[in-house]
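Labels below follow one simple rule: chain letters A, B, ... track the order of the sequence lines, proteins then strands, and each chain is numbered from 1. Nothing here was measured: the structure is a model prediction, and the numbers come from that model.
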Amino acid sequence: MANTASKQQVLLTIPMYPDMELAAAKTASVLAELMDFDEGEVEEIQLAIIETCINAFEHSQSEDKTVVIEFIMKDDELEFKISDRGVGIASERRPGSELLGQPGLHPDLRKRGWGLEIIRTLMDEVDVETGANGTTVSVVKKKTT
Amino acid sequence: MLNKFDIQIRTEQEHAVIETAGYLNDALGEQLSEKARGLIQDGYTQLVINLEKTTLINSIGISILIEIIEALDEREGTLNFCGLSATQERTFRMMAIAKYAGIFPDEEAAIANL
């Protein structure tokens, strides 16, 4: 862990294997607890990182099948950047299009395509950079107390 | 295995309670779906899913819960959830699950409102 006056950084590389998103969530949980986020906020951070990892696992088509997560702990916020070296998110695959899933019995009860919406609801800032060399999702959770 | 999960089922005359423990993802969700569909086939159309010991639920796990809601709707059944964390409840409400299934703080209330 690099230690500076105002921020600390943790780097984690995980393979795209089932349940490996839990390794990222566990790391995020430890860091968030160190930063004194409350229990509810820790769970929100864990869920956001799980959803981001799952999106990368399912859609990146990355040849190296790894996800790199950079956690940056600042005085008043935890930032994490999740990067893959996949094919990027084509506009027709972005949430709002067919990834939203087929309507079932109840049209407003769609089953898939919620990941990014969940992340945006639970976190303070979400930014997606995507291109032919991969995707990086940057997420910020600010401390409330 | 990173994710240790478990499903327990308790049946009464009029209803059944399914209790899940661990990380509700696709793997646990598929097991849960199988158990729920088995109960529905056996005539249990009043179900409670107790999530008190379920540490995290991802969007794939929630999509499987939606399939259980739809399967019960086809039999005019009822599904109530209980034991959700604040984050889980917020996510369920965002995904419109609360429109089609009850959300209660504890099992007693969930059963009473079937």
- What are the two closest non-hydrogen atoms of A/L47 and B/I57, and how far apart are they?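 Where A/L47 meets B/I57 most closely, the heavy atoms are CD1-O, 3.2 Å.
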
Would you find more than 12 non-hydrogen atoms of other residues, nucleotides or ligands less than 6.0 Å from [X] atom [atom1]?
{"X": "B/E108", "atom1": "CD", "value": "no"}
{"X": "A/R85", "atom1": "CZ", "value": "no"}
{"X": "A/D64", "atom1": "CG", "value": "yes"}
{"X": "B/K35", "atom1": "NZ", "value": "no"}

- Task: List in chain and number order the residues that pass salt bridge (charged side-chain N to carboxylate O under 4.0 Å, His left out) with B/E34, two or more places apart in sequence or in another chain; answer none if no residue qualifies.
- Result: none

Inter-residue atom distance [X].[atom1] - [Y].[atom2], 0.5 Å rounding:
{"X": "B/M95", "Y": "A/T121", "atom1": "CE", "atom2": "OG1", "result": "10.5 Å"}
{"X": "A/I54", "Y": "B/S59", "atom1": "CD1", "atom2": "OG", "result": "5.5 Å"}
{"X": "A/E51", "Y": "B/I60", "atom1": "CD", "atom2": "CD1", "result": "7.5 Å"}

Is the shortest side-chain heavy-atom distance between [X] and [Y] below 4.5 Å?
{"X": "A/L22", "Y": "B/L56", "result": "yes"}
{"X": "B/I62", "Y": "A/W114", "result": "no"}
{"X": "A/E21", "Y": "B/Y23", "result": "yes"}

- Query: Applying the 4.5 Å side-chain criterion to the ILVMFWY set and letting contacts propagate, would B/M94 and B/I69 be lumped into a single cluster?
  - Reply: yes

- Message: Tell me whether B/F104 shares a hydrophobic cluster with B/F92, the cluster being built from Ile, Leu, Val, Met, Phe, Trp, Tyr side chains joined at under 4.5 Å.
- Response: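 No, B/F104 and B/F92 fall in different hydrophobic clusters.
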
- Can any side-chain N or O of A/E44 pair as donor or acceptor with the backbone N or O of B/T87 at less than 3.5 Å? no

- Task: Heavy-atom distances under 4.5 Å only: say whether B/I64 touches chain A with side chain, backbone, both or neither.
- Result: neither

- Message: Please classify the contact of A/I50 with chain B as side chain, backbone, both or neither, using a heavy-atom distance under 4.5 Å.
- Response: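 Only the side chain of A/I50 comes within 4.5 Å of chain B.
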
